[in-house]
Amino acid sequence: MAQLWGGRFTKETDQLVYNFNASISFDQKFYKQDIKGSIAHATMLGETGIITKEESAKIIEGLNGILADVEAGNLEISSKYEDIHSFVEATLIDRIGDTGKKLHTGRSRNDQVALDMKLYTRDEVVAIKELIKELLLTLHKLMKENLDTYMPGFTHLQKAQPVTFAHHVGAYMEMFKRDYDRLSDIYDRMNYCPLGAGALAGTTYPLDRELTAKLLDFYGPTLNSMDSVSDRDYLIELLSAMSTICMHLSRFSEEIIIWNSNEYQFIELDDSYSTGSSIMPQKKNPDIAELVRGKTGRVYGALISLLTTMKGIPLAYNKDMQEDKELTFDAMDTVKGCIALFNGMISTMKLNKDKMKASAMNGFTNATDAADYLVKNGVPFRDAHGIIGKLVLYCIDNNKAIDELTLEELKEISPVFKDDIYDAISLETCVEKRNTIGAPGPEAMKQVIEINEKFLSNI
Ligand code: ARG
């Protein structure tokens with residue numbers, strides 16, 4: 001047991017209490033951020049004359065040495081310390097002697113841990129944004145390559161109207177663009193430095209909080225010391241944004257699983273992203289898509305868990321807040337893995353364009369266009385809807401598609417049909433005529449692709 005705070009105690013901590021309380025097994029994940037924060041704090045203490053310049057330099061040199069040794073594997077982060085803050089401070093004192101004891105002047109572990117977690121999270125937000133960007137680039141490429149890859153669009157998982165693969169993928173492009181922007185917003189809102197808040201009420205030392213904020217690349221210091229040590233909103237926002245990312249990935253995964261099924265065969269996942277069965281030799285399973293879908297639950301769980309942890313905590317710091325770490329770390333690692341794997345999976349999958357097109361051609365996806373044809377020839381829409389409904393019934397009874405009917409058969413149902421109906425309801429026409437912005441027609445899609453091109457070149 002190695003603790004920083006034994007002074008007022010007359011008894012040793014019970015071993016079970018110590019273990020229950022300790023956080024070193026997980027907060028060692030941000031040793032780098034802890035040392036970086038301490039270097040900024042020591043620099044500021046030297047600049048303001050709270051400690052001498054020499055003392056500051058000695059502390060900084062010691063901290064850099066600890067960082068280098070941990071990175072090189074020459075210094076093990078020992079679990080005999082309560083937390084990463086105690087490990088770094090005790091190692092510093094071991095190495096440079098009494099000067100090391102001055103590092104914690106004007107600081108509490110409460111503002112220190114708030115800082116470490118923010119620094120760690122800020123780097124993760126940048127890393128997740130980078131992965132989303134990679135995914136956006138893959139989607140953009142798929143869109144550009146598939147402007148005329150026809151497929152059915154679905155509602156209720158029933159064929160509805162024809163679209164293109166570019167248009168379908170474009171829907172996810174919009175979702176992940178919003179996800180990217182959400183992460184940028186979170187970064188901007190969280191990027192204020194809590195260091196200097198002390199335990200909860202600031203300190204009596206003339207700390208230069210502007211300086212430490214600047215040294216650590218924050219926009220500025222936080223404005224209320226009690227909020228600074230007890231704010232976990234940015235983690236809740238991030239967990240919420242990550243839950244939304246997972247929800248998007250999970251929906252897309254579900255579609256990949258459906259498209260890759262023996263019944264659909266719209267796509268084929270690459271062997272490198274599929275797995276086999278231990279008993280059924282013929283199997284090639286979409287495990288990656290299923291895992292991405294499955295892991296979504298963990299990330300949602302982390303969000304609900306932290307919201308629940310935070311809801312009854314009076315100001316300011318309480319130990320409950322230590323619970324923010326394991327679940328947020330797990331969620332961040334999970335999300336990074338999911339995005340990277342998902343991106344690899346969709347950039348290697350093969351499209352079975354013929355199957356997609358054949359599927360779009362049957363199932364009456366052109367029924368709306370047939371009704372629109374009647375409308376353009378003077379039939380009120382509600383009547384046209386009824387006529388085409390009858391036509392579909394006739395087709396089902398005779399096992400034919402609408403465009404496989406003869407003009408005589410069509411005229412039997414409505415005399416308005418002329419031989420230009422075939423062109424009006426061809427798959428190509430159904431898609432190509434839909435050219436208002438946001439629709440699957442090629443002109444509309446090209447405009448969107450251009451907008452996306454600009455979005456991608458600005459991120
Ligand atoms: N391990 C603690 C946490 O993660 C660090 C802060 C400890 N502060 C305290 N007053 N016990 O929240």
Side-chain angles (χ1 to χ4, degrees), residues 1-9 11-38 40-41 63 70 77-93 103-124 190 193-203 212 216 222 224-236 238-239 302 305-333:
M1 290 192 246
Q3 293 153 324
L4 295 170
W5 40 262
R8 63 99 67 214
F9 287 80
K11 274 192 189 170
E12 279 281 301
T13 319
D14 180 272
Q15 188 63 48
L16 283 179
V17 172
Y18 182 84
N19 296 346
F20 194 65
N21 201 41
S23 53
I24 187 113
S25 63
F26 48 88
D27 65 17
Q28 59 178 282
K29 202 163 168 104
F30 51 51
Y31 72 87
K32 211 184 296 173
Q33 287 77 10
D34 191 75
I35 295 173
K36 198 173 150 187
S38 288
H41 184 63
L63 289 168
V70 173
I77 300 176
S78 158
S79 57
K80 81 172 205 266
Y81 293 95
E82 182 188 345
D83 53 33
I84 189 66
H85 326 297
S86 317
F87 166 78
V88 172
E89 192 177 324
T91 311
L92 182 70
I93 295 167
L103 169 62
H104 210 54
T105 313
R107 191 175 67 167
S108 156
R109 275 184 302 168
N110 296 352
D111 59 345
Q112 191 177 355
V113 78
L115 173 69
D116 293 0
M117 193 63 183
K118 251 193 184 175
L119 288 174
Y120 186 89
T121 304
R122 197 175 64 173
D123 289 348
E124 291 292 289
M190 72 178 277
C193 184
L195 191 62
L200 76 161
T203 75
T212 37
L216 294 166
T222 50
N224 181 289
S225 56
M226 291 176 87
D227 179 53
S228 308
V229 293
S230 64
D231 165 34
R232 300 293 183 270
D233 289 5
Y234 68 100
L235 296 178
I236 290 170
L238 179 59
L239 287 167
S305 175
L306 188 57
L307 279 168
T308 312
T309 296
M310 292 303 295
K311 87 181 200 5
I313 304 183
L315 288 177
Y317 178 82
N318 293 258
K319 197 62 176 255
D320 321 37
M321 290 170 182
Q322 180 167 287
E323 286 296 307
D324 64 355
K325 292 179 193 62
E326 285 164 290
L327 53 90
T328 310
F329 291 153
D330 181 69
M332 293 189 289
D333 291 344

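As the structure lists them, so they are numbered: ligands from 1, and atoms in each ligand from 1.
When side chains are defined from C-beta on, E89 does not count as touching S38, because their heavy atoms never get closer than 4.5 Å. Side-chain contact between R232 and D320 is absent, with no heavy-atom pair separated by less than 4.5 Å.
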Apply side chain to side chain donor-acceptor pair (under 3.5 Å) to Q112 and D116, showing your working.
CA-CA 6 Å; Q112 191 177 355; D116 293 0; 4.8 Å; no
Steps toward salt bridge (charged side-chain N to carboxylate O under 4.0 Å, His left out) verdict (R109, D27)
CA-CA 12 Å; R109 275 184 302 168; D27 65 17; over 6 Å; no
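The two residues I24 and Y81 make their nearest non-hydrogen contact at CG2-O, 3.1 Å. Across all non-hydrogen atoms, the minimal contact from A316 to V229 is CB-CG2, 3.8 Å.
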Would you tabulate the polar-atom pairs, meaning N/O of ligand 1 against N/O of the protein, with distances under 3.5 Å, reported to 0.1 Å?
unit_1: ligand 1; atom_1: 1 (N); unit_2: S23; atom_2: OG; d: 3.1
unit_1: ligand 1; atom_1: 1 (N); unit_2: Q322; atom_2: OE1; d: 2.7
unit_1: ligand 1; atom_1: 4 (O); unit_2: K325; atom_2: NZ; d: 2.6
unit_1: ligand 1; atom_1: 8 (N); unit_2: N110; atom_2: OD1; d: 2.9
unit_1: ligand 1; atom_1: 10 (N); unit_2: N110; atom_2: OD1; d: 3.0
unit_1: ligand 1; atom_1: 12 (O); unit_2: Y317; atom_2: OH; d: 2.4

